[in-house]
Protein chains: 2
Amino acid sequence: MTTYRDVKAAILERIVSREWPPGALIPSEEDLARAHGCARATANRALRELAESGIVERRRKAGTRVALRSARGAVFDIPVVRVEIERAGKRYGYRRLARAEHAADDALIGRLDVATGAPALFVRCLHLADGEPYQLEHRWISLDAAPAARAESFADISPNEWLVREIPYSRAEHAFSAATPEQTERDLLRLGADEPVFVIERRTWLGAAPVTYVRLSHPGARYRMVSRLGDAAA
Amino acid sequence: MTTYRDVKAAILERIVSREWPPGALIPSEEDLARAHGCARATANRALRELAESGIVERRRKAGTRVALRSARGAVFDIPVVRVEIERAGKRYGYRRLARAEHAADDALIGRLDVATGAPALFVRCLHLADGEPYQLEHRWISLDAAPAARAESFADISPNEWLVREIPYSRAEHAFSAATPEQTERDLLRLGADEPVFVIERRTWLGAAPVTYVRLSHPGARYRMVSRLGDAAA
DNA sequence: GAGTGGTCTAGACCACGTT
DNA sequence: ACGTGGTCTAGACCACTCC
């Protein structure tokens, strides 16, 4: 039986061998199905998945071509920080530094995408690995989207973990950057004089409603964010 | 006609409304198909795609559950730098700073994953936006995988762009980090005294053969890498 | 207009893993 | 053992877009 994986591998093999170089036209679904002795749906799934991972580009009538790829689709997993630390074989530590309820001001509106005066909860906390500062978390939670957060002190559980358990989301936006830490941040993360921070920002939505904005900073010199390996490979 | 998108949206809607909270069991493909009056294959595609974007988790026999999601699948596009600059409405500039052929030494072997003594080409160049340094590129190319690079001076075209045009790849690995620049880098990027760099590293393979390792550094305070918005949303 | 991809259907068989 | 997901088939109709 010819599977869609077989077809996918066969196509990838021709691309890799440069028999079909970047820009080349790949046979139509029907031709591929005939050549491999399978149903058109099978060839379709192979091509569709190759297109999803950016290896080929498809257009009706124009056909399927080997993509001239820049470098699309680096996929990153950002795990719960506790899991990340424990997976590295270290002891996880947690300290809540601050918790306060605010009405949204202008600065927050830009980040959390809520209306003026909307109730929001701010939490600052520190995650430690083997007692060493690992990640500093600044978090704003929309109390409209997650009213249950009002009853939670976050003294023992991090907002990160609580949200994962309690509030789903349907859309997320991430940004990565490098920054020079402010004095407070430098002290909390016990950073060296010239050491930068690696910053992950995330905003999530539940349907149309913004749920949370978080800024996670790591000691830059000791942290690397590595992408999941490409799934397109054989 | 009920499409797989309809089914997907209907499921997402119940997740978003918390009718099916994180951890909840979702009806089986067969039940969903019956409920929506569609074929099982249609329900299957809806659930499969939701699983691919990490919204649900599937296990044979155990069924499909709303995922307890950390934050998986932030997808980043890393475009050709020239395109990135031009899309921002700026004038693109390019300067090749160095080009040299080496046999791979230990340091390179760790990064490029080639054998000792394998021939490699090193290129350093600078990309500018409106005359301002934008990105510094350190590149090693395996001459086994891309022998044609030997004939290319890279005086007028960046290795980035040349590789995209000439050599396909089937797998890539990315890492992002923050770093303190060395003096040379600081000068080339015209960085302020305390300004960190945002570093993107990429390794690519063509089948089993390593193709290239590149380190791209940006002025950290002026650069943000933002993820494509989630595709799961309605 | 004609070729290509996009999708649906109804049925089938199999693999896996929980029970 | 049995229920669930994983996949294939053969055929069909439609939508887009290039010529």
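In the text below, chain A, chain B and the rest are named by the order of the sequence lines, each starting its count at 1.
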Rounded to whole Å, how long is the line connecting atom CG of L32(A) with atom C1' of dG5(C)? 12 Å
Ignoring hydrogens and angles, are the base of dG6(D) and the side chain of R40(B) linked by a donor-acceptor pair under 3.5 Å? yes
Could you give the CD-to-P distance, from E49(B) to dG5(D), as a whole number of Å? 16 Å
Which listed nucleotide (dG5(D), dT7(C), dT9(D)) is nearest to the side chain of A41(A)? dT9(D)
How long is the line joining CZ of R45(B) and P of dT7(D), in whole Å? 13 Å
Whole-Å distance, R48(B) CZ to dT7(C) P, equals 11 Å
Where the side chain of R60(A) is concerned, which of dG5(D), dA10(D), dG5(C) is the nearest nucleotide? dG5(C)
Between dT4(C), dG17(C), dT7(C), which one does the side chain of K61(B) approach most closely? dG17(C)
Counting side-chain heavy atoms from CB outward, which of dC18(D), dT9(D), dT4(C) is closest to C38(A)? dT9(D)
If you check every side-chain atom of T64(B), which of dT9(D), dG5(D), dG6(C) has the closest atom? dG5(D)
Output the single nucleotide from dT7(D), dC18(D), dA10(D) whose closest atom is nearest the side chain of Y4(A). dT7(D)
In whole Å, what is the span from the CE atom of M1(B) to the P atom of dA10(C)? 9 Å
Tell me the interatomic distance from L25(A), atom CG, to dC18(D), atom P, rounded to whole angstroms. 13 Å
Between dG5(C), dT18(C), dT7(D), which one does the side chain of E29(A) approach most closely? dG5(C)
Among dG6(D), dG5(C), dT18(C), the one nearest any side-chain atom of R58(A) is dG5(C)
Measure from the side-chain N and O atoms of S142(A) to the backbone N and O of T212(A), and report whether any donor-acceptor pair falls under 3.5 Å. no
Taking the side chain of N44(B) as its heavy atoms from C-beta onward, which of dT9(C), dG6(D), dC18(D) lies nearest to it? dG6(D)
